[in-house]
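Below is one structure; the comments refer to it alone.
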2 protein chains.
Amino acid sequence: MTLGRPREFDVDAALDRALHVFWRKGYEGTSMTDLTDAMGITKPSLYAAFGNKEELFRKALDRYVDGPGSYYQAGLQKPTAREVVEHILYGAADAMSDPSNPGCLAVQGALCCGDAAETIKQELAARRGKTEEDLRDRLSRAVTEGDLPSGSHAGDLARYVSAILQGMAVQAASGAPRDQLRKLADMALRNWPPV
Amino acid sequence: MTLGRPREFDVDAALDRALHVFWRKGYEGTSMTDLTDAMGITKPSLYAAFGNKEELFRKALDRYVDGPGSYYQAGLQKPTAREVVEHILYGAADAMSDPSNPGCLAVQGALCCGDAAETIKQELAARRGKTEEDLRDRLSRAVTEGDLPSGSHAGDLARYVSAILQGMAVQAASGAPRDQLRKLADMALRNWPPV
DNA sequence: AGACTTATCTACCGCTCGGTAGAAATCTCT
DNA sequence: AGAGATTTCTACCGAGCGGTAGATAAGTCT
């Protein structure tokens, strides 16, 4: 099997490099030269292995969700609503405050952009919407299970937590240190649920 | 006075158009052609009147702060901490949910970017930092005036409100409608101060 | 060995980017 | 009327953009 000349670089490692460039510079701010420099390969190799810039970004985004962003899905599986939200908020505070890659790719990858990047912007908005829905569904379950007050509006609570996370992402992008983000999580949790 | 050929366009109106383009597309996502098309002038006229792209952005940003973003400074002058935060949160919810210009220029103008826009990114981060400081100082005064509990940490509270505002901005950029942003303000206020 | 398949490289494509040169037009002054 | 100041226009600049052609190299198959 595996006909032809073998690839000389590690696809996963290269994708990882690409992810970190997109994370720091955003989709629009990243040039193909930025990518090839960081990945250590030439443009034709990149195109052969990953398609084009947009496909590469999507693959990097998948890798982000399963890697640095995995605290989110992990948090959803905690047994109680409070533990879910705790895990997500503190996980985010840690993940977003890595000084070499501050913030959140899903927020800063393409929050707004020129026409050429419009589809990426929409993809990211859709992903943020999806994660919020996942949290909403989890909190909704918590209401039926009784670990959230029975009057709680799961959708509102999910949007509130999302807002905190997104605010955290913006502050992290400005260079906020880890303990400041953690304090933000503290405050959001101090009166949870916010009735 | 006023030697030379008179200018044929209204500088303030043109700056307003430029502001709205930057607002929708961000600094990096906006091209000079986008700007000249929207402003109804040619490139040399733009350069003569506004310097270059970066200077134009700064002027548009000043206009933003004094115009659509003026709810913030107005809020700081309210008599009590609660009124200050109320005015800012609801003002933001309204300002950010204009469908033709969603979100907040100071957040989405250049949250992250390529090297060429680095100075703009830093300028925006500095401005966000400044507005947070203004709020902190106002809340600090509120503590001494007794309309916040005497143990309150004004810096933390200001960061918390900033995070809500920035989360609001991200959700607005994704198309969240006005009443959803208002609900976010409701929740943040429901237990204010978050002790 | 030789056909076949795939990766790698250099060199290049058309296009758009931000920005400007230089001449013509339109005003105020003397 | 004419000098001087300023704006406007068309046309252009070099650089960088995302993306590719085509030759060559390095493997696996029969």
Side-chain angles (χ1 to χ4, degrees), chain A residues 1-15 17-18 21-22 24-61 109-110 112-121 123, chain B residues 1-15 17-18 21-22 24-61 109-110 112-121 123:
Chain A
M1 287 302 171
T2 74
L3 289 197
R5 178 172 175 175
R7 189 171 272 129
E8 291 176 4
F9 64 95
D10 180 331
V11 175
D12 284 343
L15 186 53
R17 304 287 187 86
V21 179
F22 280 130
R24 266 181 292 118
K25 300 194 167 188
Y27 179 74
E28 235 169 14
T30 299
S31 73
M32 295 307 296
T33 306
D34 291 332
L35 291 167
T36 52
D37 284 356
M39 298 164 89
I41 62 178
T42 61
K43 264 195 282 189
S45 293
L46 189 157
Y47 277 84
F50 301 103
N52 59 12
K53 190 185 178 185
E54 195 170 321
E55 285 184 50
L56 175 59
F57 181 84
R58 283 180 213 273
K59 283 166 182 155
L61 183 56
C112 76
C113 59
D115 311 293
E118 192 69 23
T119 66
I120 293 293
K121 170 184 147 194
E123 159 98 26
Chain B
M1 288 299 171
T2 71
L3 288 199
R5 177 171 175 173
R7 189 170 274 130
E8 291 177 5
F9 64 95
D10 180 333
V11 175
D12 284 342
L15 185 53
R17 304 287 187 86
V21 179
F22 281 129
R24 266 180 291 119
K25 300 194 169 188
Y27 179 75
E28 238 171 10
T30 299
S31 73
M32 296 307 295
T33 306
D34 291 333
L35 290 166
T36 52
D37 284 356
M39 299 164 88
I41 61 179
T42 62
K43 264 195 282 189
S45 292
L46 188 157
Y47 277 84
F50 301 103
N52 60 12
K53 189 186 177 184
E54 197 170 319
E55 284 183 50
L56 174 59
F57 182 83
R58 283 180 214 274
K59 283 166 182 156
L61 183 55
C112 77
C113 58
D115 310 294
E118 193 68 24
T119 66
I120 293 292
K121 169 184 148 192
E123 159 98 26

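Sequence lines set the chain letters: A, B, ... in the order given, protein chains first and strands last, and positions in each chain run from 1.
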Using a 3.5 Å cut-off and no angle test, enumerate the donor-acceptor pairs between side-chain atoms of residues 38-50 of chain B and protein atoms at least two apart in sequence or in another chain.
| residue | atom | partner | partner atom | Å |
| --- | --- | --- | --- | --- |
| T42(B) | OG1 | S45(B) | OG | 3.4 |

Which residue pairs pass the salt bridge (Lys or Arg N to Asp or Glu O under 4.0 Å) test with at least one member in residues 3-13 of chain B, sequence neighbours excluded?
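Pairs touching residues 3-13 of chain B that pass the test: R5(B)-E8(B), D12(B)-R63(B).
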CZ of R24(B): more than 12 outside heavy atoms within 6.0 angstrom?
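Yes.
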Just how far, in rounded Å, is [atom2] of [N] from [atom1] of [X]?
{"X": "K43(A)", "N": "dA21(D)", "atom1": "NZ", "atom2": "C1'", "answer": "13 Å"}
{"X": "D115(B)", "N": "dC17(D)", "atom1": "CG", "atom2": "C1'", "answer": "14 Å"}
{"X": "F57(B)", "N": "dG18(C)", "atom1": "CZ", "atom2": "C1'", "answer": "16 Å"}
{"X": "Y47(A)", "N": "dT8(C)", "atom1": "OH", "atom2": "C1'", "answer": "16 Å"}
{"X": "E54(B)", "N": "dC17(C)", "atom1": "CD", "atom2": "C1'", "answer": "16 Å"}
{"X": "E55(A)", "N": "dG19(D)", "atom1": "CD", "atom2": "P", "answer": "10 Å"}
{"X": "F50(B)", "N": "dG18(C)", "atom1": "CZ", "atom2": "C1'", "answer": "17 Å"}

Do K53(A) and Y27(A) have side chains that get closer than 4.5 Å, going by heavy atoms?
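Contact flag for K53(A)/Y27(A) side chains = yes.
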Determine whether a donor-acceptor pair (one donor, one acceptor, N or O, separation below 3.5 Å) exists between the side chain of K53(B) and the base of dG18(C).
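When only heavy-atom distances are counted, K53(B) does not reach the base of dG18(C) through any donor-acceptor pair under 3.5 Å.
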Who pairs with [X] by side-chain hydrogen bond (donor to acceptor under 3.5 Å, both in side chains), at least two apart in sequence or on another chain?
{"X": "S31(A)", "result": "D34(A)"}
{"X": "E54(B)", "result": "R58(B), T119(B)"}
{"X": "D115(A)", "result": "K25(B)"}

C112(A): partners by side-chain contact (heavy atoms from CB on, under 4.5 Å), with sequence neighbours left out:
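Listed in chain order: Q108(B).
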For D37(B), side-chain contact (heavy atoms from CB on, under 4.5 Å) partners two or more places apart
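Expected list: T33(B).
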Quick check on contacts: within residues 30-39 of chain A, what sits under 4.0 Å from DNA chain C by heavy-atom distance?
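Correct list: empty, so none.
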Which letters describe nucleotides 3-9 of chain D, given B = protein heavy atom under 4.0 Å from base, S = only from sugar-phosphate, - = neither?
--BBBSB
